[in-house]
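Following: one structure in structure tokens, then a few remarks.
Lettering follows sequence order; numbering is per chain, from 1.
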Protein chains: 2
Amino acid sequence: MSDDDQRARRPRRADARRNEGALLDAAAAVFVTSGVEAPVRDIAARAGVGTATIYRHFPTRADLIIAVYRHQVEACAEAGPELLASCPTPYTALARWIDLFVDFLVTKHGLAGVLQSDDAGFQNLHAYFVDRLVPVCTRLLDAATEAGEIRTGLTALELMRGVGNLCIGAERSVGYDARRLVEVLVAGLRRTD
Amino acid sequence: MSDDDQRARRPRRADARRNEGALLDAAAAVFVTSGVEAPVRDIAARAGVGTATIYRHFPTRADLIIAVYRHQVEACAEAGPELLASCPTPYTALARWIDLFVDFLVTKHGLAGVLQSDDAGFQNLHAYFVDRLVPVCTRLLDAATEAGEIRTGLTALELMRGVGNLCIGAERSVGYDARRLVEVLVAGLRRTD
DNA sequence: CGTCAAACGGGACGGGGTTCCGTTTGACGA
DNA sequence: TCGTCAAACGGAACCCCGTCCCGTTTGACG
């Protein structure tokens, strides 16, 4: 657990540790069924704690979401350089990486929507995604641009916001395949005319 | 006024007519400053009516939004065939029409977001946009496909949802230009490889 | 085993959407 | 002009939800 070494420096009470774990488990479960905007009380109830306990451990909902998905975001970030090394061209590496990102987003009920929210409470979340993933995307994008495979002046941030936006609402309403739209967007990177 | 003939069949009280007009004006003004999800009370206050009066005239927020923007949506719908007739190729007509649609969306604070919302209260709105604009887009898309300018199997609904999604949050957060992203998406329609 | 700060839980508060109900008012016929 | 009455009104009431507060519990440590 990567949590352990963070806590190790200053010991906390055993019940606090237990509750934090229970909250993470409960939140993960509730997010799956009710989305990342599920009522705080639902999460607290499932974890068997009071509502204040959530705020004590995770001051904003963004902090809770980050904690729940940190592992997967890290994995996505680490996949970038690997793809760049293993793919035939930078463009295919970029396309594959974006596929990973899309897979991550569309399987998280409502996460894409909340990522673009202008709600002040989600700025942490937005910042975390930007800090962690935009540099990765930038490297892929730069590589593809230098290879002459891409002719638009889009920044990595713009591209990722566009991809994120296309994923909004992908899990519901039949007849909308976010993956397909993203494919078209990525195909559009290759031409400027 | 196209409203007149609708009401003509069954006369209503003068104050009811007046309030409906005041509400439309107030809503339009509030939507500009606070977005389409502005508190009901704000709109009622600006119109100088009670909150219940809003619900009496517009049972759901979607009905109010539709009423406020109906003219512009109609104009957008009517522009489709005109562009098809006046543009050199169907693809350029489609691109120009999508520009119109994007211009409409990005100037309406939060409308794009609400369009994709899964909130049951907005189903009317979603349905109205689909009913009115998807057929127009379908004609443009079919024409471009028949002309061999487009090689993706995207439906008009998918395309429009994608465009709508890309417009979410376009009015805030510098460094994101929805128009540019949509250009890339539309450029992507031309190639499948 | 006693102490005490950390941690807890659930209720209170505030804001926003929706509904209810007693009051007002416009339309219309006498 | 005036009386009648249903349409329409306004705002308070209600409910849900996020957030905060405060009296109580509990784990750590000497």
Let me know the distance between [atom1] of [X] and [atom2] of [N], rounded to the nearest Å.
{"X": "Arg18(A)", "N": "dT25(D)", "atom1": "CZ", "atom2": "C1'", "answer": "13 Å"}
{"X": "Ile43(A)", "N": "dG9(C)", "atom1": "CD1", "atom2": "P", "answer": "15 Å"}
{"X": "Arg12(A)", "N": "dA7(C)", "atom1": "CZ", "atom2": "P", "answer": "7 Å"}
{"X": "Glu20(A)", "N": "dA7(C)", "atom1": "CD", "atom2": "P", "answer": "11 Å"}
{"X": "Asp15(A)", "N": "dG9(C)", "atom1": "CG", "atom2": "P", "answer": "9 Å"}
{"X": "His57(A)", "N": "dG9(C)", "atom1": "NE2", "atom2": "P", "answer": "9 Å"}

Enter the distance from Asp119(A):CG to Glu37(A):CD here, rounded to the nearest 0.5 Å.
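It comes to 8.5 Å.
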Would you mind telling me which of Leu64(A), Val30(A), Ile65(A) makes a side chain to side chain contact (heavy atoms under 4.5 Å, CB included) with Val36(A)?
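Exactly one pass, corresponding to Ile65(A).
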Is there a donor and acceptor pair, one atom on the side chain of Arg13(A) and one on the base of dA6(C), closer than 3.5 Å?
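Yes, a donor-acceptor pair under 3.5 Å.
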Dot-bracket encoding per residue of DNA chain D, Watson-Crick/G-U cut-off under 3.5 Å, | denoting interstrand:
||||||||||||||||||||||||||||||
Heavy-atom distance under 4.5 Å between the side chains of Met160(A) and Val134(A), does that happen here?
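Met160(A) vs Val134(A): side chains touch.
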Is Asn19(B) near enough to dC9(D) that one of its side-chain N or O atoms lies under 4.0 angstrom from OP1 or OP2?
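Checking Asn19(B) against dC9(D): at least one side-chain N or O falls below 4.0 Å of OP1 or OP2.
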Does one side chain, of Ser173(A) or Arg161(B), offer a donor that lies under 3.5 Å from an acceptor on the other?
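Yes, side-chain donor-acceptor contact under 3.5 Å.
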Side chains of Tyr55(B) and Asp63(B) only: does a donor on one sit below 3.5 Å from an acceptor on the other?
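Judged by distance alone, the side chains do not pair up.
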Transitive ILVMFWY cluster of Ile168(A), excluding itself - 4.5 Å side-chain cut-off
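Traced through the cluster, Ile168(A) reaches Ile168(B).
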Contact string for nucleotides 10-18 of chain C, one letter per nucleotide 5' to 3', B = base within protein heavy-atom range under 4.0 Å, S = sugar-phosphate only, - = neither, reads BBB---BBB
With a distance cut-off below 6.0 Å to the six-membered ring centre and an angular limit of 45° from the axis, does Arg96(A) pair with Tyr91(A) as a cation-pi contact?
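Here Arg96(A) fails the 6.0 Å and 45° test against Tyr91(A).
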Is any side-chain N of the basic residue among Lys108(A) and Glu171(A) closer than 4.0 Å to the acidic one's carboxylate O?
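Here Lys108(A) does not pair with Glu171(A) in a salt bridge, since their nearest N and O are not under 4.0 Å apart.
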